[in-house]
Amino acid sequence: MAGHSKFKNIMHRKGAQDKKRSNLFSKLSREITVAAKMGTPDPDMNPRLRLAINTAKAQSMPKDNIQRAIDKASANDGESYENVRYEGYGPGGSAIIVEALTDNRNRTATSIRTAFSKNGGNLGTEGSVAHGFERLGYIEYGAEAGDEEKVLEAALEAGAEDIQSSEDGHEIWTAAEDLHEVATSLEAALGEAKEVKLAWKPNLTVELDEKDASTLLKLVDALDDDDDVQTVWGNYDISDEVMEKLD
């Protein structure tokens with residue numbers, strides 16, 4: 001079950017971009033509010049809200065901001081957001097999935113299409129690339145959580161499907177419907193995770209050269225800069241050597 005994961009490269013790049021975005025907290029707040037509106041404002045009874053709060057905590061979002069976002073769900077503010085997924089192709093034959101929360105589908109679709117077309121990509125139809133990914137639960141722990149044997153034992157006990165460990169930490173994968181239960185069990189055994197979320201994990205990855213990687217990262221940046229975009233997933237793999245040249 002254990003081994004090096006190429007997904008880590010994708011996640012680290014995404015994490016680096018998240019920290020640079022000035023509008024990160026507003027995106028996290030929007031997800032918390034929507035999750036609280038769709039269910040109960042109690043995270044113990046609302047898995048989606050629990051995930052949203054965990055993600056916000058992992059990005060050092062203040063508790064007051066989190067509570068305000070939850071409280072906003074019960075206020076009659078007139079805002080109504082819906083989940084929308086976009087799929088397309090990036091440079092080098094890469095596949096991209098974009099998840100958004102929007103109150104205006106036309107505005108968001110136009111913005112996403114423009115980002116793809118200006119950065120070496122093409123926006124496809126829904127379902128055009130999702131078949132190359134699995135919808136899974138993703139839990140990340142740092143190396144300080146324990147050695148591979150300890151984390152593996154805890155993950156198996158919790159009902160996880162796969163674990164990949166490296167010197168950087170541990171990635172634990174679950175069935176999507178089991179994520180909340182597994183994450184709760186692991187928190188009791190290992191403490192609070194660095195990241196807990198639903199993920200699109202690629203079945204196969206595409207390695208990009210320096211030129212395609214440079215263009216693709218501009219595409220990811222453009223998508224991330226859109227206020228409506230919550231997450232961007234891809235099947236690309238960029239080697240450490242290429243990343244060093246681009247940084």
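Of the possible polar contacts, none joining the N54 side chain to the A193 backbone as a donor-acceptor pair under 3.5 Å is found. Remark: the backbone N or O of N104 is paired with a side-chain donor or acceptor of T108 at under 3.5 angstrom. Here the side chain of R30 pairs a donor or acceptor atom with the backbone of L101 at under 3.5 angstrom. Under the 3.5 Å distance criterion, the side-chain polar atoms of Q230 are matched with a main-chain donor or acceptor of K27. No donor-acceptor pair under 3.5 Å is formed between the side chain of Y86 and the backbone N or O of A100. Here the side chain of T125 pairs no donor or acceptor atom with the backbone of S128 at under 3.5 angstrom. A donor-acceptor pair under 3.5 Å is absent between the side-chain atoms of S185 and the main chain of E181, judged by distance alone. Distance alone, capped at 3.5 Å, is enough to place a donor-acceptor pair between the N46 side chain and the T40 backbone. Not a single donor-acceptor pair under 3.5 Å links the side chain of H180 to the backbone N or O of E177. Between the side chain of N235 and the backbone N or O of A95 there is at least one donor-acceptor pair closer than 3.5 Å.
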Audit row: L51, E31, side chain to side chain contact (heavy atoms under 4.5 Å, CB included) steps and yes/no
CA-CA 10 Å; L51 292 181; E31 170 60 22; over 6 Å; no
Start with the C-alpha gap between E140 and K197, add the side-chain angles, then the distance that decides, and say whether salt bridge (charged side-chain N to carboxylate O under 4.0 Å, His left out) holds.
CA-CA 9 Å; E140 180 183 350; K197 61 170 63 179; over 6 Å; no
Begin with the C-alpha distance, continue with both residues' side-chain angles, and end with the deciding distance and a verdict on side chain to side chain contact (heavy atoms under 4.5 Å, CB included) for L217 and M243.
CA-CA 10 Å; L217 294 178; M243 283 297 293; 4.3 Å; yes
Side chain to side chain contact (heavy atoms under 4.5 Å, CB included) assessment of L198 paired with T231
CA-CA 10 Å; L198 287 170; T231 52; over 6 Å; no
Determine, stepwise, if the pair I96 / V232 fulfils side chain to side chain contact (heavy atoms under 4.5 Å, CB included).
CA-CA 7 Å; I96 308 291; V232 180; 3.9 Å; yes
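Counting only heavy atoms from C-beta outward, the side chains of I53 and R50 never approach each other to under 4.5 Å. In this structure the side chain of Y81 never reaches within 4.5 angstrom of the side chain of K37, judged on heavy atoms. Proximity of R68 to S29: side-chain heavy atoms (C-beta onward) are nowhere separated by under 4.5 Å. A heavy-atom distance below 4.5 Å is not found between the side chains of Y141 and V151. Inter-residue side-chain proximity for K211 and P91 is flagged as unmet; no heavy-atom pair is nearer than 4.5 Å.
Atom CD of E161 and atom CG of L156 lie 11.5 Å apart (nearest 0.5 Å). Here the OG1 atom belonging to T205 is positioned 11.0 Å from the CD1 atom belonging to I238, to the nearest 0.5 angstrom. Between the NZ atom of K57 and the NZ atom of K63 there is a distance of 6.5 Å, given to the nearest 0.5 Å. Annotation: the span from N119 atom CG to L223 atom CG amounts to 8.0 Å, rounded to 0.5 Å. The CD1 atom of I112 lies 8.0 Å from the CG atom of L123; values are rounded to the nearest 0.5 Å. Taking CG from D71 and CD1 from I66, the interatomic distance works out to 12.0 Å, rounded to the nearest 0.5 Å.
Residue pairs that meet the salt bridge (charged side-chain N to carboxylate O under 4.0 Å, His left out) test with at least one member in residues 105-121, sequence neighbours left out, are E82-R105, D103-R107, R107-D228.
Among residues two or more places apart in sequence or in another chain, the side-chain hydrogen bond (donor to acceptor under 3.5 Å, both in side chains) test is passed with R85 by E87.
When every heavy atom of L208 is checked against every heavy atom of Y236, the shortest pair comes out as CD1-CB, 3.8 Å. Taking all atoms of both residues into account, the shortest heavy-atom contact from V196 to A183 is CG1-CB, 3.9 Å. The two residues G92 and D212 come nearest to each other via the heavy atoms CA-OD2, 3.4 Å. Taking both residues in full, the closest heavy atoms of A115 and L219 are given as O-CD1, 3.3 Å, listed atom of the first, atom of the second, then distance. What you find for L216 and S94 is that their closest heavy atoms are CD1-OG, 3.1 Å. Closest approach of I32 and A69 over heavy atoms only: CG2-CB, 3.7 Å.
The one candidate from E171, H170, E149 that meets the side-chain hydrogen bond (donor to acceptor under 3.5 Å, both in side chains) condition with S165 is H170.
Side-chain contact annotation: E99 with W200, donor-acceptor N/O pair under 3.5 Å present.
There is no path of hydrophobic side-chain contacts, each under 4.5 Å, that joins Y138 to L204.
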